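Being a predicted model, the structure only gives us computed values, none of them experimental. Sequence lines set the chain letters: A, B, ... in the order given, protein chains first and strands last, and positions in each chain run from 1. Scope of the values below: all heavy atoms of this structure, side chains included, with no hydrogens, waters or symmetry mates.
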Amino acid sequence: DGGITQSPKYLFRKEGQNVTLSCEQNLNHDAMYWYRQDPGQGLRLIYYSQIVNDFQKGDIAEGYSVSREKKESFPLTVTSAQKNPTAFYLCASSVKSTGGIEAFFGQGTRLTVV
Amino acid sequence: EDQVTQSPEALRLQEGESSSLNCSYTVSGLRGLFWYRQDPGKGPEFLFTLYSAGEEKEKERLKATLTKKESFLHITAPKPEDSATYLCAVLNAGNNRKLIWGLGTSLAVNP
């Protein structure tokens, strides 16, 4: 089945440590995104990539980094510079076709800093 | 400024009691309006994309409609399994493939 796989589902990190969240898709989508979701706030865009080896900062990129070396993969690193990293992180991919635009999400990674 | 507002924030219905959720938007040229369903602790599930005023799409008990200022998600004879948060997002003409999100409507359907 095609889809987006995020791992791990739960992640605990000590303060001062970097951590990498995985996102893999087999939908052959060009565009991929990372969002952060906090209670009472809408989804906020961290980074996005429209093509391999290219990515752009979203609205809240500070303290995060990404890479896009393969079409299928878009890992997100939460660095120690991120002041408030505890959140639910969502990866998405999208495609524009003759049928329109569709965007699909993974099941999320819940990161907790302890 | 581009903005998406969803109302109500929360809605509680009895099973079989039809209702509508609202998503109003202000954007500089609409390229698409998206509806998603999100269950607690899970990623949003894609429901519909609407592109132009007057367009309608249906899926089981859900029907989405679009005008130049807002979209409605009509839920007909809801069941408890329809309980979820429903999210609306718009893609404007100025930002290719960047979605602007509303805060969602939390729907609870009581048996």
Do you know which of A:K71, A:E24, A:R68 makes side chain to side chain contact (heavy atoms under 4.5 Å, CB included) with A:M32? A:R68
Under a 4.5 Å heavy-atom cut-off, does chain B meet the side chain of A:L90, its backbone, both or neither? side chain
Verify the distance criterion only: is there a donor paired with an acceptor across the side chains of A:Y89 and A:Y64 at less than 3.5 Å? yes
One option among B:G102, B:G41, B:G104 has the most heavy-atom pairs under 4.5 Å with chain A, and it is B:G41
Taking atom types as modelled, find out whether B:N22 and B:E70 have a side-chain donor-acceptor pair closer than 3.5 angstrom. yes
Can you measure from CG (A:L76) to CZ (A:R36) and round to the nearest 0.5 angstrom? 10.5 Å
Between A:F105 and B:W101 (judged by ring centroids, cut-off 6.0 Å), do the two rings come close enough to count as a pair? yes
Could you have a look at A:Q41, A:R110, A:R44, A:Q37 and say which one has the most heavy-atom pairs with chain B under 4.5 angstrom? A:Q37
Under 4.5 Å from any heavy atom of chain A, what part of B:Y36 do you find: side chain, backbone, both or neither? side chain
Of the backbone (N, CA, C, O) and the side chain (C-beta and beyond), which part of A:A92 lies under 4.5 Å from a heavy atom of chain B, both, or neither? neither
